[in-house]
Amino acid sequence: MKKIVIIGAGPAGITAAVELLKNNNDEYQVVILEETQAIGGISQTVQHNGNRMDIGGHRFFSKSDEVMKWWSDLMPLQGHPSFDDKKLGRDKPLNQGGPDPEKDDTVMLVRTRVSRIYYNKKFFDYPVRMSASTIKNMGLLTTMAAGFSYIGASIFKKKEDSLENFYINRFGKKLYSMFFEGYTEKLWGRHPRDISADWGSQRVKGLSIRAVIKDMFSKAFGSKKKNKEVETSLIEQFWYPKYGPGQLWETAAKKAEDNGAVILKHHKVKEILCKDGKITSVVCDTPDGEKKVDGDIFISSMPVKDLVCSMSGDKPDDEIIDYAKGLPYRDFVTVGLLVNRLDLQNKTDIKTLGNIVPDCWIYVQETKVKLGRIQIFNNWSPYMVKDPENTVWIGLEFFCSEGDDFWNMSDDECIKQAVSELEEMGVIKAGYVLDSHREKVKKAYPAYFDTYSHMNEIINCLDGYENLFCIGRNGQHRYNNMDHSMLTAIYAARAIKSGSTDKHDIWNVNTEKDYHETK
């Protein structure tokens with residue numbers, strides 16, 4: 001029996017364990033080392049006083065049928081004839097005969113995708129659509145300027161050597177300056193001119209003014225596409241676990257444990273021992289002191305920076321270590337606010353519980369505030385909220401760097417700023433707040449600047465360790481969505497089962513140019 005050590009109990013690590021042990025496979029002994037007490041990594045669900053927070057927002061949607069089946073096998077779709085759909089803001093059941101969310105806990109809901117942009121104290125559809133409301137909000141002159149700017153950008157293409165030029169080529173300089181420039185700098189702490197175009201290729205890909213217009217005409221003339229045929233940022237529905245993404249990953253973790261996996265929490269890997277081009281063991285800090293864990297095969301979803309810098313013995317060259325040390329990340333803070341109401345009117349035809357606005361996310365393009373995005377948890381799943389009929393549970397997302405002034409704020413200081421910014425935006429008044437909570441996430445987003453340009457050299461070095469497989473967002477330093485992180489794990493499990501040490505397919509996940517979503 002081969003011992004496989006998986007570093008990290010996020011989506012990638014848990015998926016790898018499930019895949020390796022499915023069909024009662026007794027060829028492998030699987031041990032998962034998790035630094036924290038939580039399952040799911042950034043896809044965990046945090047509970048606070050009966051309300052649940054999704055850290056970052058996780059839509060369960062994929063163009064991979066394999067991933068969609070993986071999810072639905074684990075948590076079946078809703079749709080019982082007696083199900084009260086009004087609680088979910090719909091008139092008709094979507095999947096007659098499926099589980100009833102009112103009675104069954106292990107169930108995947110089907111949700112309507114609604115996102116808007118807050119800019120210049122007005123709300124725009126996301127992605128921006130050339131509708132009457134958009135023209136009214138922008139004004140005729142600005143709309144015309146945006147149109148001519150887009151035409152100019154279509155004719156005179158810029159060399160895509162930066163994220164700035166990537167956006168301008170697809171949207172024109174006017175729309176770029178309105179809806180991308182300030183938000184991107186807020187997200188990354190860097191101007192788009194200093195960020196690699198690779199980020200746009202992996203996150204925005206096929207989204208452009210042309211794609212938006214094509215989608216609009218398709219809907220206007222009754223040509224309805226399936227979700228997998230639509231640009232990801234234009235999809236209209238997605239799946240969502242009743243109690244948030246962490247519920248699915250806790251369910252998956254239990255499945256892995258039932259099949260023999262051992263999950264060791266509070267085991268932080270601090271040293272990786274290497275010999276003759278292989279990993280031999282890892283050393284962890286644990287509540288009981290230092291522990292050494294041996295293994296035959298190692299699957300890593302820990303940040304590439306930490307992985308490389310933790311190697312000892314037959315470790316990488318100093319040049320590779322320096323490149324790894326320079327890999328940048330963006331950290332993340334979510335403030336949860338429980339309020340009795342929002343000062344936003346639902347002017348859409350989408351029905352919601354309590355008639356609140358139907359948005360899953362509101363992107364905050366205003367550069368006067370630090371707030372980047374607002375989640376309305378009621379609209380992801382009403383079961384995330386203890387009292388969804390009388391309260392609104394929102395998540396305020398801030399992008400920062402570990403150790404900076406915002407990161408180092410006390411909970412009270414951070415929450416006070418969050419409430420103040422919402423007041424300035426006209427979303428709530430301070431007196432509406434009933435409860436609050438703050439969560440901090442390190443290395444939430446791998447960034448595409450500084451020594452990222454040397455990522456290929458780092459990959460080539462890591463591939464030289466025969467029994468090491470790197471998976472997931474941080475494990476590959478690639479801004480993957482959840483489904484892509486899962487696919488890297490699925491391909492790693494397949495390679496291990498076949499006895500292959502070729503990692504090409506694993507690294508090649510999410511390198512196509514036609515998929516992903518702006519964040």
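Only this structure's heavy atoms are used, side chains among them; waters, hydrogens and symmetry mates stay out.
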query: Given side chains that start at C-beta, do those of Val441 and Val333 come closer than 4.5 Å, heavy atoms only?
result: no
query: Is Thr251 reaching over with its side chain to a backbone N or O of Gln247, donor-acceptor style, under 3.5 angstrom?
result: yes
- line: dist Arg193:CZ -> Ile168:CD1 (nearest 0.5 Å) comes out at 10.0 Å
field: Charged tip of Arg330 within 45° of Trp188 ring normal and under 6.0 Å
entry: no
query: If we only count heavy atoms from C-beta on, is the Phe60 to Met482 side-chain gap below 4.5 Å?
result: yes
query: Do Ser310 and Glu271 get their side chains close enough for a donor-acceptor pair, meaning under 3.5 Å?
result: no
message: Between the side chains of Asp359 and Arg116, is the shortest nitrogen-to-carboxylate-oxygen separation below 4.0 Å, so that they form an ion pair?
response: yes
- line: Given the options Lys186, Arg438, Arg373, Glu397 meets salt bridge (charged side-chain N to carboxylate O under 4.0 Å, His left out) only with Arg373
- prompt: Are there more than 12 heavy atoms of other residues, nucleotides or ligands under 6.0 Å from atom NZ of Lys440?
  reply: yes
task: Classify the ring geometry between Tyr167 and Phe171 as parallel (under 30°), tilted (30 to 60°) or perpendicular (over 60°).
output: tilted
Any donor-acceptor N/O pair, Asn169 side chain to Lys158 backbone, under 3.5 Å: yes
Heavy-atom neighbours of Asp405 CG exceed 12 at 6.0 Å: no
message: Quick one, Cys414 and Trp407 - any side-chain contact, counting heavy atoms below 4.5 Å?
response: no
message: Quick check: do Glu366 and Asn120 have side-chain heavy atoms less than 4.5 Å from each other?
response: yes
message: Suppose we call two aromatic rings close when their centres sit under 6.0 Å apart. Are Phe238 and Trp380 close by that rule?
response: yes
query: With distance as the sole criterion, is a donor-acceptor pair present between the side chains of Gln417 and Glu421 under 3.5 Å?
result: yes
message: Between Ser43 and His58, do the side chains contain a donor N or O and an acceptor N or O under 3.5 Å apart?
response: yes
message: Do Lys442 and Tyr329 form a cation-pi contact, if we require the NZ or CZ to be under 6.0 Å from the six-membered ring centre and within 45 degrees of the ring's axis?
response: no
query: Hey, are Thr45 and Gln47 close enough side-chain-wise for a donor-acceptor pair under 3.5 Å?
result: no
field: NZ/Lys292: more than 12 non-hydrogen atoms of other groups inside 6.0 Å
entry: no
field: Donor-acceptor pair between Tyr240 and Asp54 side chains, under 3.5 angstrom
entry: yes
message: So Tyr323 and Ser453, do their side chains get closer than 4.5 Å, heavy atoms only?
response: no
task: Could you tell me whether Arg494 and Glu66 have a side-chain N and a carboxylate O separated by less than 4.0 Å?
output: yes
query: Taking atom types as modelled, is there a side-chain donor on Trp71 or Asp483 under 3.5 Å from an acceptor on the other?
result: no
- request: Find the distance between NZ (Lys268) and CD (Glu290) and round it off to the nearest 0.5 Å.
  value: 13.0 Å
message: Centre-to-centre under 6.0 Å for Tyr452 and Tyr448, is that the case here?
response: yes
N-O pairing of Lys270 and Asp285 below 4.0 Å: yes
- request: Would you please classify the geometry between the Tyr479 ring and the Tyr445 ring as parallel, tilted or perpendicular, with 30° and 60° separating the classes?
  value: parallel
- prompt: How many angstroms lie between OG in Ser436 and CD1 in Ile394, if you round to the nearest 0.5 Å?
  reply: 11.0 Å
Point-to-point distance, once rounded to the nearest 0.5 Å, from CD1 of Ile42 to OG of Ser485: 10.0 Å
- prompt: Asp161 and Asn165: side-chain donor and acceptor closer than 3.5 Å?
  reply: yes
- request: Before accepting this row, confirm whether a basic side-chain N of the pair Lys173/Glu181 lies closer than 4.0 Å to the acidic partner's carboxylate O.
  value: no
task: Specify whether Phe332 and Phe399 have parallel, tilted or perpendicular ring planes, treating 30° as the upper limit for parallel and 60° as the lower limit for perpendicular.
output: tilted
query: Is the cationic atom of Lys2 (NZ for Lys, CZ for Arg) positioned less than 6.0 Å from the six-membered ring centroid of Tyr28 and within 45 degrees of its normal?
result: no
More than 12 heavy atoms from other groups under 6.0 Å of NZ on Lys275: no
query: Could you walk me through whether Phe124 and Phe179 pass the ring pair (Phe, Tyr, Trp, His ring centres under 6.0 Å) check?
result: CA-CA 10 Å; Phe124 295 80; Phe179 297 115; 5.3 Å; yes
field: Check: Leu33 and Ile6 side chains under 4.5 Å, non-hydrogen atoms
entry: no
- prompt: Mind checking whether Leu462 and Leu307 have side chains closer than 4.5 Å, heavy atoms only?
  reply: yes
message: Tell me whether the count of non-hydrogen atoms from other residues, nucleotides or ligands lying under 6.0 Å of NZ in Lys159 goes above 12.
response: no
- request: Flag the pair Asn474 / Val304 as yes when at least one side-chain heavy-atom distance between them is below 4.5 Å, and no otherwise.
  value: no
Ring-face cation contact, Phe406 with Lys370, 6.0 Å cut, 45° max: yes
